[in-house]
Asks: 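So that we are looking at the same thing, I have put the structure below in C-alpha cells.
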Number of protein chains: 2
Amino acid sequence: MALQENVRTHIDCGDCPIRHRAVCARCESDELKLLEEMKYYRTYEAGQTVIWSGDKMDFVASVVEGIATLTQTMEDGRTQMVGLLLPSDFVGRPGRDQAAYDVTATTRLTMCCFRKKPFEDMMMNTPHIGQRLLEMTLDELDAAREWMLLLGRKTAREKIASLLAIIARRDATLKLSNSRGQVVFDLPLTREAMADYLGLTLETVSRQISALKRDGVIELEGKRHVTVPDMERLLDETGDDTDGGVFA
Amino acid sequence: MALQENVRTHIDCGDCPIRHRAVCARCESDELKLLEEMKYYRTYEAGQTVIWSGDKMDFVASVVEGIATLTQTMEDGRTQMVGLLLPSDFVGRPGRDQAAYDVTATTRLTMCCFRKKPFEDMMMNTPHIGQRLLEMTLDELDAAREWMLLLGRKTAREKIASLLAIIARRDATLKLSNSRGQVVFDLPLTREAMADYLGLTLETVSRQISALKRDGVIELEGKRHVTVPDMERLLDETGDDTDGGVFA
DNA sequence: TGTCTCACTTGATTTCGATCAAAGTTGTGA
DNA sequence: TCACAACTTTGATCGAAATCAAGTGAGACA
C-alpha cells in the first residue's frame, strides 16, 4: 500500500528489473544470496486474480512491475479495496497460510515470489529481515489508518483529490514531472476500482473527476492521462495538513 | 485495536494485575526478568490525553486497565478514531520517536510502560520479542483493514451492530454473559466517541441504537448497559459473513 | 466498415445520514 | 434540594452521494 512518501514495503530480490533498496542494508551478502536462490517470478494479466481470500497461500511476494489490489467483499457484493500494491510493495503474511483478501492484478503484473516455509526459516535465522518486515508492516498500518480517516470523514471531492495526490506523489518519485515542471501520470485504475478504494460509487468518482477538471485543478487527456498544473492546488483539495504530517 | 477474536496485542509485564499471555512462550525467564525491571506504570483519568499526535514519545506501553482511543484529526476538527486500546493492547512504535496519533483515555486508564531505548535494545537481542511484535502488528493491520470495509461500505445500522458485536465478543471472553446465557456489557464509549469510530455523527449513533433497541436486537438499561438476548441476531445485523472469517 | 463491448459521462430522482434545533436524563457539587 | 453541566434522545429539514437511466466514445474484432 502506498499512502505515504516513506513507504518502504519491499524485499530485495537481487537482479529484479527494478531498482529497490535491500531488505536490510546490514544483511551479509550470503543472506542476499540465499534470497536470490529462493526467489521465482510469476506474471499475471490485467484483471486476473492472483489469489482469493481464504485460499491457501504458500508464498510471500514483492511486486516487480504492474499494479495489484487487495479487496474485501461482503456477501451482497459490496467491495472495499483495503490496499493498493505498487512496484516494490510486499504481500503475504508470515505465520498465516490463508490469504485474508482477494489479490487482483489491475494491470499486467510481475511478482517476485518466495515460498513461505523457507522464507520463514530464513527470517528466524536472520533477525534483520524480521525487523525489516516489522518496519514495513508498521508503515502499512499507518497507511491503513490514514485511509480510515479518508473513508470516515472526507467528502467525495477530498477523497478523489487525495487519491490523485497519492498516485502523483508515488509516480513523481519515479519519472519526475514533464518539461514545464507539471506532474503527469496515468491513472492505473478504472473508475470502479477507484470507487472501491474510496468507498464511493463509480458515478460519483466520474462526476468529481469532471468537477476537478472543470475547476482547473487537473487536466485530463483521454480518460486516464492526468496533468496536475499546480500540485499545491491539488493538495489544498485533499483536506490534509499542508505539512508532511507526522511521518518522519 | 480489538476487531477480531484472535487479537494478541499485548506485552507481558510480569505482575500486572491482569492475566495475559507472555510476550513469547519461548522466552527465557531472565528475559522476562529484564522486562520486569524495565517497566513502570502510569495512570490517567477519564478524558485525559496520554499523548498528542506529533509529540515526542519515548516509551512503548501496554494497557493494563481501562480504555484508550487513537484518533486522527483534520484541521477543521473532523476526527476519526483509528484504533481502540483495550486491556492488553499495545501502543508505541519501535523505530519512531513521534506519536502518530492522539492517544486519549476514555475511562480511568493504567498503562504498563517501557522506555523505548532499552526496549528496542532488548528487541535487538531477543528475536522472539520482535517476532511477537510483528505478529501483533499484523493483527492490527488486519483489524484496520476490517475497519476500512466498515467505514467504506457499511450502513449506519450495520456499523453500530458491528461495533456492538466487537465489544460484546471482546468482553464476553472476560466475563461470560449472564445467568440466562445472554451477553451483557457496558459501552465503554460515549455516543460521540462511537460516532468518531464509525464515521458517523452522534445523532445518527443515538438513532440507530434506539432503532436496534426498538427492534429487539439489544436491550438497554440506562444509556450504557447493554444486553444482547440473541447474539446471532446481532451478528446478522452486521452484514458480515456468518462464519468466523478467514482469520485462523 | 460496422457493431459489440467496455469504460466512462451525464442527467433525473431518491435516500440516508448530516445538520439544526429543542428537550430529556443523569450525576455532581454547592 | 436545587442548579448546572455533560451526555443523550428525538424531531424537522437539508444536502451529498447513491441509485436509476440514458447516453457517448474508443478499441477489438468479425
Side-chain angles (χ1 to χ4, degrees), chain A residues 45-48 69 74 76-80 104 106-107 150-164 186-215 218-226 237 239, chain B residues 45-48 74 76-80 104 106-108 150-164 186-215 218-226 237 239:
Chain A
E45 295 308 315
Q48 217 184 332
T69 61
M74 297 170 70
D76 62 5
R78 282 178 281 177
T79 71
Q80 175 65 49
T104 312
T106 61
T107 63
L150 176 143
L151 290 172
R153 294 300 184 200
K154 288 189 178 179
T155 64
R157 187 180 173 104
E158 287 169 341
K159 286 177 175 181
I160 295 287
S162 299
L163 181 60
L164 293 175
D186 285 301
L187 288 171
L189 302 172
T190 64
R191 300 289 186 265
E192 188 176 20
M194 287 189 251
D196 284 342
Y197 206 0
L198 301 169
L200 300 171
T201 60
L202 67 91
E203 293 96 328
T204 298
V205 170
S206 181
R207 272 186 249 277
Q208 293 299 333
I209 288 180
S210 298
L212 287 174
K213 181 181 164 190
R214 176 166 30 74
D215 299 345
I218 59 170
E219 286 155 24
L220 255 190
E221 211 178 301
K223 291 152 192 314
R224 299 291 193 92
H225 192 74
V226 178
E237 296 282 352
Chain B
E45 295 308 314
Q48 219 184 331
M74 297 170 69
D76 63 5
R78 282 177 280 177
T79 71
Q80 175 65 49
T104 312
T106 61
T107 62
R108 193 183 165 79
L150 176 143
L151 289 171
R153 294 301 184 198
K154 288 189 179 180
T155 64
R157 186 180 173 104
E158 288 169 340
K159 285 177 175 182
I160 296 287
S162 299
L163 180 60
L164 293 175
D186 285 300
L187 288 171
L189 301 173
T190 64
R191 300 289 185 264
E192 187 176 20
M194 288 189 250
D196 283 343
Y197 206 1
L198 300 169
L200 299 170
T201 59
L202 68 91
E203 293 95 330
T204 298
V205 170
S206 181
R207 271 186 250 276
Q208 293 300 332
I209 288 180
S210 297
L212 287 174
K213 181 180 163 189
R214 176 168 29 74
D215 298 345
I218 58 169
E219 287 155 23
L220 255 189
E221 211 178 300
K223 290 151 193 314
R224 299 294 191 90
H225 192 74
V226 177
E237 296 282 353

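We name chains A, B, ... by the order of the sequence lines, and we start the count at 1 in each one.
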Asks: Grab the CD1-C1' distance between Ile209(B) and dT8(D) for me, whole Å please.
Replies: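 Checked: the CD1 to C1' distance equals 10 Å.
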
Asks: Applying side-chain contact (heavy atoms from CB on, under 4.5 Å), can you list everything that pairs with Arg207(A), at least two apart in sequence or on another chain?
Replies: Glu203(A)

Asks: Does the side chain of Thr204(B) come within less than 4.5 Å of Leu198(B)'s, by heavy atoms?
Replies: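 A side-chain contact under 4.5 Å is absent here.
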
Asks: Return the set of residues passing side-chain contact (heavy atoms from CB on, under 4.5 Å) with Ala46(B) (not counting sequence neighbours), or none when no residue passes.
Replies: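 Checked Ala46(B) against side-chain contact (heavy atoms from CB on, under 4.5 Å); zero matches.
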
Asks: Can you check the Leu189(B) CG to dC7(D) P distance for me, whole Å?
Replies: 13 Å

Asks: Any heavy-atom pair between the side chains of Ile218(B) and Ile209(B) that's under 4.5 Å?
Replies: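 Ile209(B) vs Ile218(B): side chains touch.
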
Asks: If you define the side chain from C-beta out and look only at heavy atoms, does anything of Val226(A) sit under 4.5 Å from Leu220(A)?
Replies: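 Yes, at least one pair of side-chain atoms sits under 4.5 Å.
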
Asks: How does protein contact run along nucleotides 10-24 of chain D, one letter per nucleotide 5' to 3', with B for base contact, S for sugar-phosphate only, - for none, heavy atoms under 4.0 Å?
Replies: BBB----SSBB----

Asks: Suppose we screen for side-chain contact (heavy atoms from CB on, under 4.5 Å). Which residues come up paired with Glu45(A), at least two apart in sequence or across chains?
Replies: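 Partners of Glu45(A) under the side-chain contact (heavy atoms from CB on, under 4.5 Å) test: Gln48(A), Arg108(A).
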
Asks: Does dA6(D) have OP1 or OP2 under 4.0 Å away from a side-chain N or O of Arg191(B)?
Replies: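 So the side chain of Arg191(B) is outside the cut-off, no N or O lying under 4.0 Å from OP1 or OP2 of dA6(D).
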
Asks: For Thr107(B), check side-chain contact (heavy atoms from CB on, under 4.5 Å) against everything at least two apart and list the hits.
Replies: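 Expected list: Ile67(B).
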
Asks: Give the first and the last nucleotide of DNA chain C, reading 5' to 3', that has any atom under 4.0 Å from a heavy atom of chain B.
Replies: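 Contact boundaries, 5' end first: dG17(C) to dT26(C).
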
Asks: Got Glu158(A) and Arg78(B) here, is their nearest side-chain heavy-atom distance under 4.5 Å?
Replies: yes

Asks: Separation of Met194(B) atom CE from dT8(D) atom C1', in whole Å?
Replies: 10 Å

